[in-house]
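See below for the structure under consideration.
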Amino acid sequence: MSAIDLSPALSDAVATRFARRRLLSLGIPALVLAYLVYAAISFDLAGLAGRARMDNASVLLSDFWLHKTHVTRQNRTGALSVAIDGEAKGTYPADRLPDWIARDGQTTTIDLGDGHLVTYLPGGARYDVPDYGVIDIREGADGVQLTAPQPLPDWINASDTRVSVTTDAGRFAYTRAKAETFRYQPGWALFFFALDSPFHYMSWPQIAASALWGDRVDPSMPNIVAMAQDFWNNPMWRHGDVIWAMFETVLMAFLGTFGAALIALPLGFMAARNMMPFGPLRFALRRVFDFIRGVDGLIWTIVLARAFGPGPMTGSLAIMLTDTGSFGKMFSEAFENIDEKQVEGIRSTGANGLQRARFGVLPQVMPVLLSQVLYFLESNTRGATVIGAIVGGGIGLLLTQAIQTQKDWEDVAYYMVLIVLTVMAMDSLSGWLRRKLIMGE
Amino acid sequence: MPDSAIPATSRPDMAATSHAYFELLRRRRLYGGILLILFVALMVSGFRLAESRNAGGFIDGLPMLLAFPAEVVAEAWEKRAALPGIFIEHFPSLIETLNIAAVSTLLGGIAAMILALLSTRGLARWPRLTGLFRRLMDMFRAIPEIVIALLLIYILGGGPVPAVIAISLHTAGALGKLFSEAAENADRKPVEGLSSVGATWSQQMWLGVIPQVAPNWLSYALLRFEINVRASAILGFVGEGGIGYDLKIAMQWGMGRYDQVVGIFLLLFMAIVLIDRLSDHLRNRLVKG
């Protein structure tokens, strides 16, 4: 027989195998595609277009990085208020209005930029739109009268009681009760210092100068402390509360992960075949691990929240319980895979069981266990956000609340950035620790 | 110095060596001890802090731990005859949850394949952009699913699609990293061979790399599917859709509907255990051939 047999039987076999392979490489993508089509139908993808609210999407995206300043005049009293997002805590003091608003007796001029100029006059208002003309509003006996170049474009909406104008520069609305202008500007307003802080009215070089050698704004403390306090207690962004919540989330992950590791270490030891000679206990422990993992974190979280109430401890206990199951299984497998020779060596010196475990087993498995624990720490930081949303603790709670109010989208963006940065920081921290502890520097 | 008195030819001073050894041991034990004390202190103070910010204390809650499950199980036991009916009633929701997990694993897996190949050194289509694709995967991994899901619920309304997109994004990031690590270890010879006959980049990847890494990738994807089933149930509980949502509704009804809670719970439990077993078995076969 020659080494290469080119008999028809072999070539047939090869050909059929090729055909099967070709069928498989076409069949699997076809199967996947068919499944996705089925899923699209069962998820009602076609109806989604009707339900989707694209206006919500644009509100959300612009609110993420824009802020809105309301300039409102009560027409009856003539009182003017300038407030960021229309909130009381974002209201400018009357003597410190932003420089794009000018007051001259009864007249207020609002410069919206790009030549857009809104003027509040006694008994009316005027909006100067470049490339269009002047929109003039007078209060008459029978309502609000509008004078503007005809025909009216569709971005002007006028009736007897209300005139509203929407342009790229901002929005303007006039009723008998009040005249309102909204100006949109990029950036998160008042992120560092709110309007009640003297530092809001300084530029960055001024702030740096006053922190280093400037006169004390508040005689009782250095400027840098005053700055830290004003930042921490910022009423618009509540940095103090947010950082605390983020810390709580990390705390939940830390306590949960390491607590679970501490509990799972002896349990995993007892569930390993080569460590625990007593079979029934081993079997029982393994079923317990399976049960804990099978029940799933969601259920444990609900049960624990009933007993301990909402808060970070409940969250950390939930993580602890769920991970005890995973760690128990993983640890016992790691114990089963050790090299017996080292244990043998320790035994030959007359060491007892505990000493064999400490000097023969632990040094071998420690790097493996630690690496798994650190990996879980990182993923639990992310998981703690979700658990926080269920048990009501940490940044998860703040986030779900901010989303449910459906207006504080800049807060949502802030929390998201914070969460992503924290998770990435935990990722690099656990990676650094893994390298340091396991690979030895 | 006593050392200088010893002639160079003499045997090494065992006492000095053992002294140095014990010195080293002592220092290591000291550092280990300090680390241990620090760790224990962190755990204890952290736990006390968490407890102080919790609504209920640990000791007070401990006896209550079994009260709620006991109440639920007792009520469900009385109505045990209704359980099969509850299973059938909620089975479509379970299928929806599993579909969400499967579709997101598929979509996320496909995205992860592309991202992984684009960010693996030596295989990347645009070698300069590997860093960019890596950071992109880091981002996808870091954003919790719940954030994306809740934002998308606001835009897209309820239903399973927000959950699918949220889990897919996370899966793309998580699997992409693992895929890329597996692809890094792939043999480069088939790729070189293919490129020498003028194959395009996608042909090189499809015919040269993917057949090599397919078992590994499939095994990672199966593991991810297990994780995604759980994530999909949790997202249902927080947002809407699937068995998680049913569970939330049943919990909100409270007393009198606990048979529903137990039924849904058992359904979810059985599904998770079954899927874990199946995927364990499949992964064993994939890795061992």
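Chain letters run A, B, ... following the sequence lines, proteins first, then strands; residues in each count from 1.
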Side chain proximity check, [X] to [Y], heavy atoms < 4.5 angstrom:
| X | Y | value |
| --- | --- | --- |
| B:Leu151 | A:Met416 | yes |
| A:Ile390 | B:Ile234 | yes |
| B:Leu156 | A:Leu48 | yes |
| B:Ile272 | A:Val295 | no |
| B:Asn99 | A:Tyr35 | yes |
| B:Leu42 | A:Phe254 | yes |
| B:Leu107 | A:Leu36 | yes |

So for [X], is it side chain, backbone, both, or neither that comes closer than 4.5 Å to the heavy atoms of chain A?
| X | value |
| --- | --- |
| B:Phe269 | both |
| B:Leu247 | side chain |
| B:Val161 | side chain |
| B:Met251 | both |
| B:Pro144 | both |
| B:Val261 | neither |
| B:Phe58 | both |

Going by residue number, which parts of residues 244-252 of chain A are within reach of chain B, meaning a heavy-atom gap below 4.5 Å? A:Trp244, A:Phe247, A:Glu248, A:Leu251

Closest approach of [X] and [Y], non-hydrogen atoms and distance?
| X | Y | result |
| --- | --- | --- |
| A:Pro312 | B:Arg53 | CD-O, 3.5 Å |
| A:Phe308 | B:Asn54 | O-ND2, 2.9 Å |
| B:Leu65 | A:Val303 | O-CG1, 4.1 Å |
| A:Leu298 | B:Ala233 | CD2-O, 3.9 Å |

Evaluate whether atom [atom1] of [X] has more than 12 neighbouring non-hydrogen atoms of other residues, nucleotides or ligands under 6.0 angstrom away.
| X | atom1 | value |
| --- | --- | --- |
| B:Met139 | CE | no |
| A:Tyr375 | OH | no |
| A:Arg287 | CZ | yes |

Between the main-chain N or O of A:Met424 and the side-chain N or O of B:Asp138, is there a donor-acceptor pair closer than 3.5 Å? no

Backbone of B:Glu145 reached by a side-chain donor or acceptor of A:Arg382 within 3.5 Å: no

Do you know which of [options] has the most heavy-atom pairs with chain B at a distance under 4.5 angstrom?
| options | result |
| --- | --- |
| A:Ala39, A:Gly47, A:Gly393, A:Pro310 | A:Pro310 |
| A:Met426, A:Arg53, A:Arg306 | A:Arg306 |
| A:Thr400, A:Ile419, A:Thr385, A:Thr314 | A:Thr314 |

Name the region of [X], side chain, backbone, both or neither, that has any atom closer than 4.5 Å to a heavy atom of chain B.
| X | answer |
| --- | --- |
| A:Asp427 | side chain |
| A:Val391 | neither |
| A:Tyr38 | side chain |

Are the charged groups of B:Arg277 and A:Asp290 less than 4.0 angstrom apart, N to O? yes

Quick one: sort the A:Trp409 and B:Tyr154 rings into parallel, tilted or perpendicular, breaks at 30° and 60°. tilted

